[in-house]
Amino acid sequence: MLVNSKEMLLNAKKNHYAVPHFNINNLEWAKFILQKCNELNIPVILGVSEGAANYMGGFNTISGMVKGLINDLNINIPVCLHVDHGTCKETCIKAIDAGFTSVMIDASRHELEENIKITKEVVDYAHQRGVTVEAEVGHIGGSEDNITSTSTNATLNDCLILYNNTGIDSLAPALGSVHGFYKGEPNLDFETMKIINDNIDIPLVLHGGSGIPEDKIRKAIECGISKINVNTELQVVWSKAVREKLQADSSVYDPRKIIGSGEASLKNKVEEIVKLFGTRN
Ligand code: 13P
């Protein structure tokens with residue numbers, strides 16, 4: 001069942017666990033993640049970056065593909081189809097019109113006032129159509145979709161101003177996590193995370209979930225994180241398995257056998273992450 005993120009994130013916030021957001025990069029990833037989460041009986045968010053959307057053909061293609069998989073594979077868990085880091089209103093509108101149930105408008109490269117203006121326009125369009133909206137305050141840096149940027153941490157004040165002026169459903173405050181690989185140990189600002197959580201009653205989102213040690217993931221959930229985004233960790237295990245397949249079998253040419261050889265590794269990683277993110281009631 002395709003749903004927006006509202007119920008699943010509020011339930012996670014109330015019961016102190018995190019909903020996994022897995023980025024999808026192709027049909028196989030969507031299929032393997034859906035099958036594993038269905039087997040584990042947990043709600044899941046499938047995140048689609050603009051780069052991944054372009055790669056796969058566009059939002060209509062992805063929406064049709066995910067709806068088809070849910071139907072053909074008898075997926076019975078709540079599934080949220082979400083735009084990850086939509087950079088402008090037009091991207092979010094395109095995805096919503098194509099059937100996405102949730103969007104992240106990431107106007108964090110703008111000044112706060114402009115971020116609020118763009119975010120509010122997206123909220124107005126999305127909420128009329130039952131679609132949930134996530135926004136970013138501060139800036140989460142690192143490397144994603146081949147774009148590298150520097151982080152700026154969020155403040156409670158900026159989070160409050162954006163929240164009060166937009167009506168967003170979830171908030172991603174930049175608090176030290178980065179996209180892609182970490183240089184050294186991730187330095188998350190748990191104190192500010194907890195203060196933001198104590199002062200703003202919508203679910204908080206942690207981006208850059210790959211490479212954060214388990215104790216820090218648990219601490220982030222304790223401090224109020226209700227959704228954690230993961231992409232790189234799945235990319236790493238999947239590409240390792242595919243590389244091994246190609247090295248072990250130089251005569252393989254069927255793309256299904258090549259791409260599909262990452263299935264077990266990807267599914268095992270999904271299970272490990274889901275278990276780390278906590279228990280659902
Ligand atoms: P990682 O690739 O570091 O897991 O980050 C994913 C993410 O935050 C997507 O928004």
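Sequence positions, counted from 1, serve as the residue numbers for this chain. Atoms within each ligand, like the ligands themselves, are counted from 1 in listed order.
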Colleague: Anything under 3.5 Å between a donor and an acceptor, one on a side chain of residues 189-196, the other on a protein residue two or more places apart or in another chain? List them.
Modeller:
{"from": "D189", "atom 1": "OD1", "to": "E191", "atom 2": "N", "distance (Å)": "3.4"}
{"from": "D189", "atom 1": "OD1", "to": "T192", "atom 2": "N", "distance (Å)": "3.0"}
{"from": "D189", "atom 1": "OD1", "to": "T192", "atom 2": "OG1", "distance (Å)": "3.1"}
{"from": "D189", "atom 1": "OD2", "to": "T192", "atom 2": "OG1", "distance (Å)": "2.5"}
{"from": "K194", "atom 1": "NZ", "to": "D198", "atom 2": "OD2", "distance (Å)": "3.1"}

Colleague: Fit a plane to each ring of H21 and H207, take the angle between them on a 0 to 90° scale, and name the class: parallel (under 30°), tilted (30 to 60°) or perpendicular (over 60°).
Modeller: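 Correct class here is tilted.
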Colleague: To check your reading of the model: name the closest protein heavy atom to atom 3 (O) of ligand 1, its residue, and the distance in Å.
Modeller: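 Going atom by atom, the protein heavy atom closest to atom 3 (O) of ligand 1 ends up being G180 N, 2.9 Å.
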Colleague: Determine, for K94 against E90, whether the closest basic-nitrogen to carboxylate-oxygen distance falls under 4.0 angstrom.
Modeller: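 No.
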Colleague: Is there a side-chain contact between P78 and M8 in this structure, where contact means two heavy atoms from C-beta onward sitting under 4.5 Å apart?
Modeller: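 A side-chain contact under 4.5 Å exists here.
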Colleague: Is the shortest distance from a Lys or Arg side-chain nitrogen in E28 or K31 to a carboxylate oxygen in the other one below 4.0 Å?
Modeller: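 Looking at K31 together with E28, the answer is no, because their closest N to O distance does not fall below 4.0 Å.
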Colleague: Which of the atoms of ligand 1 are close to G209, meaning less than 4.0 Å from one of its heavy atoms?
Modeller: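 Listed by number with element: 4 (O).
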Colleague: Taking only heavy atoms of H85 into account, list the atoms of ligand 1 that are under 4.0 Å away from them.
Modeller: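 Contacts of ligand 1 toward H85, numbered from 1: 10 (O).
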Colleague: Among all protein heavy atoms in this structure, tell me which lies nearest to atom 8 (O) of ligand 1, with the distance rounded to 0.1 Å.
Modeller: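 The answer is G208 N, 2.7 Å.
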Colleague: To check your reading of the model: name the closest protein heavy atom to atom 4 (O) of ligand 1, its residue, and the distance in Å.
Modeller: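 Answer for atom 4 (O) of ligand 1: S210 OG, 2.5 Å.
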Colleague: By number and element, which atoms of ligand 1 are closer than 4.0 Å to a non-hydrogen atom of N231?
Modeller: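 Taking each heavy atom of N231 in turn, ligand 1 has 1 (P), 2 (O), 4 (O), 6 (C) under 4.0 Å.
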Colleague: Non-hydrogen atoms of E233 versus ligand 1: any pair closer than 4.0 Å?
Modeller: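 No heavy atom of E233 comes that close to ligand 1.
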Colleague: Show which atoms of ligand 1 fall inside a sub-4.0 Å distance from at least one heavy-atom site of N23.
Modeller: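 Result: 9 (C).
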Colleague: Need the ligand 1 atom indices (1-based, order shown) with element for anything under 4.0 Å from a heavy-atom of T232.
Modeller: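 Checking each atom against T232, I get 1 (P), 2 (O), 3 (O), 4 (O).
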Colleague: Write down the atom of A154, the atom of P173, and the distance for their closest heavy-atom approach.
Modeller: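 Scanning both residues completely, I find the closest heavy atoms to be CB-CB, 3.8 Å.
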Colleague: Nearest protein heavy-atom contact for atom 10 (O) of ligand 1: which residue, which atom, what distance?
Modeller: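 Protein heavy atom at minimum distance: D84 OD2, 2.7 Å.
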Colleague: Do any nitrogen or oxygen atoms of H21 lie less than 3.5 angstrom from nitrogen or oxygen atoms of ligand 1?
Modeller: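 No; every N/O pair is 3.5 Å or more apart.
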Colleague: With heavy-atom distances below 4.0 Å as the criterion, list the atoms of ligand 1 near V230.
Modeller: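 Answer, ordered by atom number: 4 (O).
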Colleague: Among D84, L234, L34, I33, whose side chain to side chain contact (heavy atoms under 4.5 Å, CB included) with I24 holds?
Modeller: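 Between I24 and the candidates, side chain to side chain contact (heavy atoms under 4.5 Å, CB included) is satisfied uniquely by I33.
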Colleague: Under 4.5 Å between any side-chain heavy atoms of V83 and F59, yes or no?
Modeller: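 Sidechains of F59 and V83: in contact.
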Colleague: Measuring from the heavy atoms of G47, does anything fall under 4.0 Å of ligand 1?
Modeller: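 No, that is not the case, since the closest heavy atom of the residue is not under 4.0 Å from the ligand.
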Colleague: Give me the one residue out of I140, V205, L206 that meets side chain to side chain contact (heavy atoms under 4.5 Å, CB included) with N229.
Modeller: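 Option passing the side chain to side chain contact (heavy atoms under 4.5 Å, CB included) with N229: V205.
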